[in-house]
Each structure stands twice: as structure tokens, then as C-alpha cells.
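Heads up, the thing below is written out as C-alpha cells.
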Amino acid sequence: MSSRSRISQPPSSSNFIRQIIETDLASGKHQGIRTRFPPEPNGYLHFGHAKSICLNFGLAAEYGGRCNLRFDDTNPEKEEQAYVDSIIDAVRWLGFDFGPQALFASDYFDFMYRCAEYLVESGHAYVDSQSADDMRHHRGSFTAPGRNSPYRDRSPAENLALLREMRDGRHADGAHVLRAKIDMASPNINLRDPAIYRIKQAAHHRTGDAWCLYPMYTFAHPIEDAVEGITHSICTLEFEDQRPFYDWLLERLAEGGLLERPLPQQIEFARLNLTYVVLSKRKLAQLVQEGHVDGWDDPRMPTLMGARRRGYTPEGLRRFAERIGVSKANQRIDFAILEDCMREHLNEVAPRRMAVLDPVRLVIENYPEGREEFCDVPNHPQRADWGTRPVPFSRELWIEREDFTATPPKGYFRLYPGNRVRLRYAYVVECTGYDQATDSVRCRVFEDSRSGTPGAAAYKVKGNIHWASVAHAYAASVRLYDRLFTVPNPGAGERDFRLELNPASKEVVTAQLEPELRATKALQPVQFERHGYFNPDAALGGFNRTVTLRDSWAKS
RNA sequence: UGGGGAGUCGCCAAGCUGGUCUAAGGCACCGGAUUUUGAUUCCGGCAUUCCCAGGUUCGAAUCCUGGCUCCCCAGCCA
């Protein structure tokens with residue numbers, strides 16, 4: 001890494017997962033590392049997934065390993081190909097490479113079934129024929145141990161025969177279930193003979209009707225990891241109690257010669273929580289279904305497809321993931337960090353343009369009607385090599401309504417009668433008043449104040465406002481998005497999160513844009529000077545506001 | 001309640017093989033400089049303290065003991 005890139009991208013700080021990896025590499029347990037991002041294709045990806053994706057792919061890249069995109073498609077009733085496509089799209093958009101193709105748990109169904117038969121034959125699993133209700137009752141509680149199922153002592157031969165009947169579709173859903181045989185009295189409820197295979201007479205989006213028996217996550221996931229040679233299987237905190245089973249299963253299968261060592265290690269981290277944002281799949285679906293937002297890709301949604309339309313960049317999201325770090329402490333990240341990451345990146349890549357969002361006419365009384373000239377306006381104040389563009393200037397301009405006031409508050413240095421401001425990259429004007437009949441601000445220009453001319457420096461003004469020529473500008477709709485909720489933790493406690501929706505989360509205005517903006521291509525972020533960063537919306541036309549600029553004036 | 005986790009500045013988060021910690025960094029916040037974006041950039045400020053209470057030690061955020069608070073687990077979901 002060059003010293004220059006180190007300045008713009010400070011070295012990432014340590015975290016407990018990097019330490020584990022470094023220890024494993026140093027001890028020789030692994031020569032290299034392999035991680036995986038294992039979504040279930042039953043919904044759309046959101047910011048929380050982005051954290052996991054960046055973590056898994058980022059770690060792999062950092063240590064010269066690889067990361068698989070693997071779909072955990074073990075429940076045919078909830079999964080769809082459409083989600084697979086959307087997820088693949090989102091991972092690629094985020095900028096990660098998972099090799100020639102995505103992987104699927106369903107590709108290992110044959111092997112998983114073989115593992116199940118092995119467990120049965122070796123006495124580590126049995127077919128239970130209790131109802132779901134009976135199973136629950138036998139499971140006990142947090143304080144009371146469970147009781148063995150009356151079917152627990154079936155012989156391996158009987159279990160094997162039953163399992164095969166189940167596989168062959170001879171039994172109805174729920175009639176039997178395959179369970180690991182561990183300990184019904186374990187203080188860890190996950191070890192009280194967890195179900196590992198259930199009958200589902202359902203078509204799978206990839207295997208069709210080849211199976212009517214599907215493995216449970218608990219059973220499938222460790223095997224998927226092991227088969228793929230995953231070294232560090234990173235998941236969220238709620239799976240911590242599952243780890244003993246993860247290890248138990250892998251050990252049994254390794255003993256049986258079905259798996260090779262070293263076995264993968266499950267490591268848990270705290271999932272992402274963000275202030276002013278809800279990330280639960282249920283709540284997100286509710287927002288869409290009840291019409292509180294305009295679909296899954298509404299720019300206000302924390303989904304990756306929403307983020308993309310909003311104008312959030314993959315680079316910004318990656319910086320965010322790196323900046324918030326990873327730990328095991330439940331957190332709630334300040335939304336301002338995400339916004340800061342976006343501003344930081346967008347500031348580097350977005351060309352500047354002028355757009356008047358709430359237009360009011362400014363008439364320059366001493367500027368000839370019909371005259372037009374072009375001002376050279378830089379595309380980026382810090383990047384001279386981005387060049388300039390000609391922006392048309394004339395007698396009547398659009399300016400921001402809030403850039404004029406008849407009664408200036410203390411500290412206000414924009415337009416008010418008698419005050420001078422510079423029309424950005426053009427002339428200095430002095431406000432002469434406001435004409436109610438035509439709803440226009442009046443002013444006179446100082447001809448020798450033109451930007452770039454020798455006389456310009458003689459004018460010292462504090463205010464500097466953007467503008468667009470009435471004769472040349474074009475009108476377009478601009479959607480001003482703000483946070484979707486009004487409280488940092490929507491739905492906390494007993495509250496209904498829908499009552500905390502921000503009624504002003506979307507404001508649509510008709511703005512007046514400088515002509516150059518017509519050429520903005522899809523997904524090309526631009527900065528509207530003094531406003532913020534905006535992203536053209538191919539479907540809706542016009543622009544979506546990604547994030548505002550910092551505004552220390554509005555704040556005070 | 002049994003089991004599993006977590007508690008370091010308003011929000012994240014390093015540090016946790018004890019001393020270099022009167023605790024890194026980021027966000028937020030508060031100054032101040034530069035600035036044709038009240039933007040950016042820059043510079044400065046921002047925990048004698050590490051959930052609490054004891055203890056060990058010459059010395060503890062780091063070790064021990066005992067508390068407290070919060071999160072997760074009783075799907076044939078993942």
C-alpha cells in the first residue's frame with residue numbers, strides 16, 4: 001500500500017475475528033482462509049446483509065482467501081428463484097466477486113442424506129413419530145429437563161427403513177421427523193435431540209420434486225461449510241447456542257470418514273442495528289405491503305435495491321462496514337455514520353452542478369433583456385483536471401427562495417434589500433427589493449464583478465448563491481428523501497413502529513436545473529451545489545436526493 | 001428460572017499474553033484557520049477513567065471473587 005492511499009484509507013483496526021484468523025494462520029491450522037455469505041433466498045438484501053457481505057468477502061480478500069456466495073435453500077416453501085437473482089445482483093453491485101457461480105445448499109442434498117443415513121446407522125439419529133405438539137412437550141423448559149421420546153430407542157435398522165420410506169414419499173408431512181440423538185436433559189435446549197430432517201411434500205425451486213425430505217438449517221449448514229472447505233463460518237449472535245451442535249455434527253461425520261479435517265469453526269458477531277431504521281424482514285415487508293413506501297426498492301428502504309436508487313454507493317457502504325467494525329456487543333449504529341461515509345465518497349466522485357429546488361425569480365434590472373452569456377463553472381472545486389462547463393446567464397434567473405428574505409435574521413448573509421451576494425461563478429448583485437405582483441426578487445448587477453475577470457476580486461461579499469437562467473433551465477421533479485422514522489429506535493418497547501413513520505420522509509419538488517444536468521447518466525451521482533448529492537432515477541425521471549450537505553447554518 | 005453471550009466518552013470501537021493507558025481511531029458535538037458551496041480541507045478541544053464493589057500486585061481497563069444491567073435460546077424457520 002502506498003503512503004498516499006494510506007492517508008485516504010487509514011489502516012483498519014483490529015477485531016476479534018481478524019485475531020482468530022491470524023492465530024489460525026500462524027499456528028498452521030489453515031494455510032489460507034475461506035469464508036462464505038449464506039443467505040436464504042426468501043427476501044431481499046438490506047444494510048444488515050451488507051455488513052455481513054463486506055465482512056466475509058472483505059476478510060477473504062484481506063487474507064488472500066476466497067469467499068463463496070452460497071444460498072441456504074433448505075426450505076422450499078419459502079424460497080424463490082427471484083430472490084436468488086436479486087441477491088446475486090446485490091452482491092455484485094456491492095462489488096464482490098464470488099467466482100464463476102453461486103453455490104447452493106440444495107446441490108449437496110444427496111450428500112446430506114448420506115450423512116443422515118450414517119448417523120442413523122451409527123446410532124446418532126433416530127426417527128421420531130411424535131406429533132410436533134408432543135415433541136414440544138417432551139422438550140421440557142428452560143428449567144425442566146426434557147423427556148425421551150417413546151420412539152427414541154428404535155433400532156438402527158428400523159430407523160433406516162423408516163428414513164428411507166420418508167425419503168421415498170411414503171409418509172405425509174409431519175408424520176415423522178429425523179432427530180439427532182444427543183441428550184434430552186441438556187441445559188442447552190438445542191442439544192435436546194434437535195430435528196434434522198423433516199418431510200415436506202413440496203417442490204423446490206432448484207431440485208423440483210426430487211425430494212420430499214428436506215434438511216433443517218441446523219443440520220445442513222455445518223455440512224455445507226465443511227463440504228466447501230470453509231475455515232471460518234461467520235454468523236450472527238443468535239446462533240451461539242447452536243455452536244455445540246455444529247461441532248457435534250461435524251465431529252460425528254468426521255469420525256465416520258464423511259468429512260475431512262480441519263473442520264470449519266463457527267464464529268458469531270453482533271448483527272447491525274441502525275438508528276432511525278428498521279431492518280427486520282417482517283417490518284420491512286409490512287412497510288411495502290401496507291403501502292407506507294413505494295416498494296422494496298423505494299429509496300427510503302434500507303434494502304440494497306433501495307440504496308442503489310437512493311444513490312448510496314457500494315464504496316460508501318463498504319467504508320461504512322469497515323468503519324463500524326465488528327464485535328459481539330449488541331449495538332445500534334448512529335445513522336449519521338452511514339451518511340458521513342456517503343458524503344465522504346460522493347464528495348470525491350460527484351461532479352458539481354447547479355439546481356434550484358424551490359425557485360423564485362430574480363430579475364436583474366440593469367441587465368439587458370435578450371442578452372445571454374456563458375460562465376465557466378468548474379466541475380469540481382478541488383479537481384481542476386475535471387475542467388469547466390459553460391453555464392448560460394441572462395437577465396432573469398431562478399434562485400432559491402430561501403436565499404432571499406425581506407427581514408434577515410442575525411447572521412444571515414444572503415439576499416435582502418441593500419445586501420450584495422455573488423451569483424456563483426458569475427456576477428455580484430445587490431438586492432433592490434421584492435416585487436409582490438410578479439413574485440420576483442429585484443437586483444442590479446455590477447458589470448465589472450464577473451468571476452474570472454480582474455475586477456472580481458474587488459468585491460468582498462460573504463454570500464454566494466447558486467442560480468439557473470430562466471430562459472435556459474429545465475424543470476424536473478426531484479425527490480427529497482429524509483429518514484423514514486422520527487425516532488432512533490422505531491417500535492421499541494410496545495410501540496407500533498408504523499406510528500413513528502416520518503410523514504416528511506419524501507418531498508417531491510419541481511426544480512429548475514441547469515442544462516448540463518440533462519446529460520447525467522443513470523447511477524451517475526452529482527452534487528447540487530449547496531444542497532447535497534443526488535442520483536438520477538431511470539424509472540421516475542428527475543433526481544433522488546441521496547444525502548444533504550452538512551449545514552452548520554441551518555443547525556444553529 | 002437453566003443455558004449461552006455482552007457491558008470502555010452521546011454513538012461505534014481499539015486495547016484485555018498486567019506497567020509505554022492520566023485509554024487509539026471514527027461519528028457526533030464545540031471552537032478556530034483557509035474557502036466563489038454557511039460544503040470540502042485544515043488545526044485544536046472532547047473518558048485521571050474503563051458496569052459496580054471488594055481483592056491480588058510495587059503497579060489492573062487488563063488477573064481473582066461477588067454483585068448489577070442488557071441481549072439470545074423451549075420452530076418439523078433460518
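Residue numbering restarts at 1 for every chain, and letters A, B, ... go by the order of the sequence lines.
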- Rounded to whole Å, CG of A:N489 lies from P of B:C70 at a distance of 15 Å
- Item | A:R530 side-chain proximity, nearest of B:C76, B:G38, B:U36 | B:G38
- Message: Tell me whether the count of non-hydrogen atoms from other residues, nucleotides or ligands lying under 6.0 Å of CZ in A:R383 goes above 12.
- Response: yes
- Message: Between B:C58 and B:C11, how far apart are the two P atoms, rounded to whole Å?
- Response: 37 Å
- Task: Could you give the distance separating B:C70 and B:C52 at their C1' atoms, to the nearest angstrom?
- Result: 15 Å
- Gap in Å between the two P atoms, one belonging to B:C16 and one to B:A78, rounded: 39 Å
- Item | 4.5 Å side-chain heavy-atom contact, A:I337 and A:R323 | yes
- Indicate whether any N or O donor in one side chain lies under 3.5 Å from an N or O acceptor in the other, for A:E240 and A:Q242. no
- Assign A:S14 to base, sugar-phosphate, or nothing according to its heavy-atom contacts below 4.0 angstrom with the strands shown. sugar-phosphate
- Tell me what A:A132 touches on the nucleic acid: a base, only sugar-phosphate, or nothing, going by heavy atoms under 4.0 Å. base
- Verify the contact: side-chain N or O of A:R18 to OP1 or OP2 of B:A14, cut-off strictly under 4.0 Å; return yes or no. no
- Query: Using the P atom in both, what is the distance from B:U40 to B:C27, to the nearest Å?
  - Reply: 11 Å
- Query: Is there a stack between A:F142 and B:U1, judged by ring centres under 5.5 Å and planes under 30°?
  - Reply: no
- Using only side-chain N and O atoms of A:S13, determine if any of them is under 4.0 Å from OP1 or OP2 of B:G25. no
- Is the ring of A:Y217 stacked on the base of B:A78, with centres less than 5.5 Å apart and planes under 30° off? no
- Message: Using OP1 and OP2 only, check whether a side-chain N or O of A:R139 sits under 4.0 Å from B:G75.
- Response: yes
- Query: With a non-hydrogen cut-off below 4.0 angstrom, is A:Q382 in contact with a base, only sugar-phosphate, or nothing?
  - Reply: base
- Note on the structure: Side-chain atoms of A:E529 come closest, of B:C76, B:U37, B:C12, to B:U37
- Select base, sugar-phosphate, or nothing to describe what A:K200 touches, counting heavy atoms under 4.0 Å on all strands. sugar-phosphate
- Message: So A:Q242, base contact, sugar-phosphate only, or nothing? Heavy-atom distance under 4.0 Å.
- Response: base
- Task: Report which part of the nucleic acid A:D173 touches: base, sugar-phosphate, or nothing (heavy-atom distance under 4.0 Å, all strands).
- Result: nothing
- Look at the side chain of A:K328 and decide which nucleotide, out of B:A6, B:A74, B:C77, has an atom nearest to it. B:A6
- Of B:G5, B:A78, B:U37, the nucleotide closest to the side chain of A:R243 is B:G5
- Query: Considering only side-chain heavy atoms of A:I189, which listed nucleotide, B:G38, B:A14, B:A74, is closest?
  - Reply: B:A74
- Classify the side-chain pair A:S52/A:R271 by whether it contains a donor and acceptor separated by less than 3.5 Å. no
- Message: Regarding A:T218, tell me which of base, sugar-phosphate or nothing describes its non-hydrogen contacts under 4.0 Å with the strands shown.
- Response: nothing
- Which nucleotide in the list B:A39, B:G15, B:G3 gets nearest to the side chain of A:D241? B:G3
- Task: Just call it for A:M216: base, sugar-phosphate, or nothing, with non-hydrogen atoms closer than 4.0 Å on any strand.
- Result: sugar-phosphate
- Query: Separation of A:N464 atom CG from B:U37 atom C1', in whole Å?
  - Reply: 7 Å
- Select one nucleotide: of B:G15, B:C27, B:C12, the one nearest the side-chain heavy atoms of A:I324. B:C12
- Message: Distance check, P atoms only: B:G19 and B:G59, in whole angstrom units.
- Response: 14 Å
- Message: Counting the atoms with a prime plus P, OP1 and OP2 as sugar-phosphate, which does A:E240 contact under 4.0 Å by heavy atoms, base, sugar-phosphate, or nothing?
- Response: sugar-phosphate
- With the side chain defined as heavy atoms from C-beta on, A:T143 is closest, among B:U36, B:G2, B:C11, to B:G2
- Note on the structure: Rounded to whole Å, CD1 of A:I20 lies from C1' of B:C16 at a distance of 15 Å
- Both distances under 3.5 Å, Watson-Crick or G-U wobble: report the partner of B:U40, or none. none
- Query: Tell me: CZ of A:F71 to C1' of B:A78, nearest whole Å?
  - Reply: 15 Å
- Query: Taking atom P in both B:C51 and B:U17, what distance in whole Å separates the two?
  - Reply: 16 Å
- Phosphate oxygens OP1/OP2 of B:G75: is one of them under 4.0 Å from a side-chain N or O of A:R198? no
- Message: Under a plain distance cut-off of 3.5 Å, with no hydrogens placed, do A:Y217 and A:N75 share a side-chain donor-acceptor pair?
- Response: no
- Item | Distance below 4.0 Å between A:R179 side-chain N/O and B:G75 OP1 or OP2 | no
- Message: Students often get this wrong, so: under 4.0 angstrom with heavy atoms, is A:Y197 touching a base, only sugar-phosphate, or nothing?
- Response: nothing
- Distance between the P atoms of B:C50 and B:C9, in whole angstroms? 10 Å
- Item | Pair A:D193, A:Y126: side-chain N/O donor-acceptor within cut-off below 3.5 Å | yes
- Electrostatic pair A:D107-A:R206, nearest N-O below 4.0 angstrom: yes
- Message: Centre-to-centre under 6.0 Å for A:Y427 and A:F393, is that the case here?
- Response: yes
- Item | Partner nucleotide, any strand, of B:C70 [Watson-Crick/G-U, under 3.5 Å] | B:G5
- Whole angstrom value for the distance that separates P of B:G38 from CG of A:L549: 9 Å
- For A:G43, report the nucleic acid contact type (base, sugar-phosphate, nothing); a contact means any heavy atom under 4.0 Å. nothing
- Message: Under 4.0 Å, counting only non-hydrogen atoms across every strand here, what does A:G146 touch: a base, just sugar-phosphate, or nothing?
- Response: nothing
- Message: Nearest to the A:R550 side chain among B:A14, B:U40, B:A78, which nucleotide is it?
- Response: B:U40
- Task: Could you tell me the separation between the CZ atom of A:F404 and the CG atom of A:L362, rounded to the nearest 0.5 Å?
- Result: 10.0 Å
- Task: Measure the distance from CZ on A:R352 to P on B:U36 and round it to the nearest whole Å.
- Result: 15 Å
- Task: Report yes if a side-chain nitrogen or oxygen of A:Q19 is closer than 4.0 Å to either non-bridging phosphate oxygen (OP1 or OP2) of B:G15; otherwise report no.
- Result: yes
- Think A:K410 has a side-chain N or O under 4.0 angstrom from the OP1 or OP2 of B:G38? no
- Message: Give me the distance, rounded to whole Å, that separates B:U8 from B:G26 when you measure between the C1' atoms they each carry.
- Response: 15 Å
- Message: Checking side-chain polar atoms at under 3.5 Å, does A:E315 have a donor or acceptor matched by the opposite partner on A:T313?
- Response: no
- When we call it a touch if two heavy atoms are under 4.0 Å apart, what does A:N75 touch: a base, just sugar-phosphate, or nothing? sugar-phosphate
